[in-house]
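One structure is given below, encoded as structure tokens.
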Amino acid sequence: NKDQLHIKHLSYMSPEVIIDKKVLYQSDTFSFGCIIFTMLKRYINDKNKQFLNNPKTISQYKDEISQYESHFLKINFTRDDNNLLHQLLQNHPFERGTLQSLSKNQWFNDSKLKALNYIKNINGDAESLSFLSKLPDNLQLFENKIIEREVLPSLLNILNNNTSHRDLVNAILPCIFTICDMPMIKVRFETKIWPKIKLLFKQSTLPATCLLFLINKMTFLGEKISKNDFETDYLHVICKSIDSGVSKLQIPVIDNINYLVKKISIEKFNSEIYTRLIKVLINCNSNFLKVKILNSVKFLFDILDHNLINDSLLKNLSLIKINEVNVDVCMSMVTVYEEIAKFVSVESIANNIIPVLVNILVIGNISKEIFDKIMSLVLTYLNRIKESREKDLERALLVEMSSLNAKSEQNSEKENSKHRTLDTNFFENFFNETNNKINTELNLLNEMNNEHNSNNNILPNINEDEFK
């Protein structure tokens with residue numbers, strides 16, 4: 001059966017194939033037109049019946065061919081779309097043209113299509129770098145789906161394969177982050193984009209332009225990546241910027257100190273960020289940068305360990321050469337010292353703060369107003385030292401008096417005990433000596449009595465009671 005023979009082949013077939021049983025090169029042109037027709041209907045979300053999508057019989061096919069014009073009236077195609085389809089879907093094959101001639105049609109020379117093809121073949125030459133520099137401003141010309149499925153994957157692929165190509169990396173990063181900032185673009189930054197960007201950190205050196213761009217994206221990245229990635233991979237970028245010695249790279253870090261304090265642990269901040277900033281403060285020649293760092297440091301006292309303030313901050317601040325800095329630096333230093341004085345002991349104030357303030361008074365480049373303020377601070381701190389020392393001396397005096405009283409009472413008790421011991425011994429010795437004397441006299445008496453008896457009673461007989 002002829003109808004059954006062609007049932008599976010009627011969709012998108014040209015009239016000459018179905019009706020005249022002729023197959024020409026232009027027959028493919030007609031089929032190509034049917035495919036484009038279907039794609040455009042789906043693109044504009046038109047739900048009307050498709051053209052030659054699945055006719056069951058030749059009669060159905062002929063009906064659809066005859067209704068071809070009515071299909072166009074129901075669909076809101078652009079003028080370029082209509083012109084192309086009218087050419088491709090002509091009933092007479094030789095009026096359609098060849099595929100080669102159709103490639104010159106304006107429809108196939110769309111600037112966005114050319115741009116997509118160009119992006120996929122970027123090689124890093126001067127022309128492609130110029131193209132990429134203009135791409136962020138023209139991304140809105142592409143549909144969101146095209147950006148998500150074509151543009152972004154192509155850019156990430158180029159970045160992945162050219163991490164050592166500095167100029168290309170510098171040109172691609174703004175394009176990628178512009179896409180991420182587009183509100184309707186749906187892309188998982190942490191899983192799709194961040195792994196490609198992290199590859200840059202494995203390079204021995206990062207170009208300054210790349211560093212600056214990534215540092216300026218600090219808050220954006222802080223919200224998109226994990227805390228662990230921020231403290232490890234991205235902190236590496238921050239430290240490189242501080243160590244670069246380039247104020248243009250250091251200032252964005254200083255401006256985001258408060259954000260960094262909240263984003264990373266205190267231990268990481270003290271060991272990685274604080275120490276580097278203090279080193280820059282001591283060694284840099286820029287008064288503007290010194291003021292920036294000093295103004296940021298004074299907001300860190302709530303999180304800095306007080307031992308760190310005593311052992312490190314005060315010591316390093318004293319290394320700044322007062323005679324080489326301007327009035328703004330002097331004023332910022334005074335403000336920092338004023339904050340430090342709230343946390344440290346009077347010993348630190350006396351040994352580390354007052355000498356520097358006095359030095360500023362003597363040789364610093366300051367105005368009369370600042371001189372008066374510093375003098376007032378010095379007097380305030382001296383008075384604070386005086387009050388503290390007076391209290392210490394009063395406490396010491398009380399302790400000393402208490403100690404003397406205790407010793408006096410102890411000595412008095414010892415003396416009384418000694419007297420009591422001496423009195424007891426005296427009477428015991430006196431009694432023993434007296435008793436001995438009595439016994440001696442008694443013995444003498446007995447001898448005398450015996451002698452008397454033996455010598456005819458020369459002496460009168462004296463009894464013991466009388467002798468005693």
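Scope of the values below: all heavy atoms of this structure, side chains included, with no hydrogens, waters or symmetry mates.
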In Å and rounded to the nearest 0.5 Å, what is the [atom1] to [atom2] distance from [X] to [Y]?
X: Ile215; Y: Lys248; atom1: CD1; atom2: NZ; answer: 14.0 Å
X: Leu199; Y: Leu159; atom1: CG; atom2: CG; answer: 7.5 Å
X: Leu281; Y: Lys290; atom1: CG; atom2: NZ; answer: 5.5 Å
X: Ile254; Y: Ser296; atom1: CD1; atom2: OG; answer: 6.0 Å

Greater than 12 external heavy atoms within 6.0 Å of Arg384's CZ =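 Correct, the count exceeds 12.
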Applying side chain to side chain contact (heavy atoms under 4.5 Å, CB included) between Val358 and each of Ile360, Ile354, Val356, report the one that passes.
->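 Of all the options given, the one that passes is Ile354.
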Among Glu272, Lys268, Met218, find the one that has a side chain to side chain contact (heavy atoms under 4.5 Å, CB included) with Leu260.
->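 It is Met218, the one option of Glu272, Lys268, Met218 that forms the side chain to side chain contact (heavy atoms under 4.5 Å, CB included) with Leu260.
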Using a strict cut-off of less than 4.0 Å between a Lys/Arg side-chain nitrogen and an Asp/Glu carboxylate oxygen, indicate whether Lys391 and Glu394 qualify as a salt bridge.
->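 Here Lys391 does not pair with Glu394 in a salt bridge, since their nearest N and O are not under 4.0 Å apart.
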Among side-chain atoms of Thr380 and Asn383, is any donor-acceptor pair under 3.5 angstrom?
->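 Short answer, no.
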Check whether the side chains of Glu369 and Ser367 place a donor and an acceptor atom closer than 3.5 Å, and report yes or no.
->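 Checked: Glu369/Ser367 side chains show no N/O donor-acceptor pair below 3.5 Å.
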What do you reckon, are the aromatic ring centroids of Phe189 and Phe220 less than 6.0 Å apart?
->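 That pair passes the under 6.0 Å test.
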Taking the six-membered ring for Trp, are the ring centroids of Phe201 and Trp194 within less than 6.0 Å of each other?
->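 Yes.
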Spell out, as yes or no, whether a donor-acceptor pair under 3.5 Å connects the side chain of Asn170 to the backbone of Cys210.
->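 Indeed, once roles are kept as given, a pair shorter than 3.5 Å links the two residues.
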Could you tell me if the side chain of [Y] sits less than 4.5 Å from the side chain of [X], heavy atoms only?
X: Leu317; Y: Ile340; answer: yes
X: Lys217; Y: Phe213; answer: yes
X: Leu155; Y: Leu132; answer: yes

How far apart are the C-alpha atoms of Ser128 and Asp125, what are their side-chain angles, what is the distance that settles it, and do they pass the side-chain hydrogen bond (donor to acceptor under 3.5 Å, both in side chains) test?
-> CA-CA 5 Å; Ser128 60; Asp125 59 10; 2.8 Å; yes
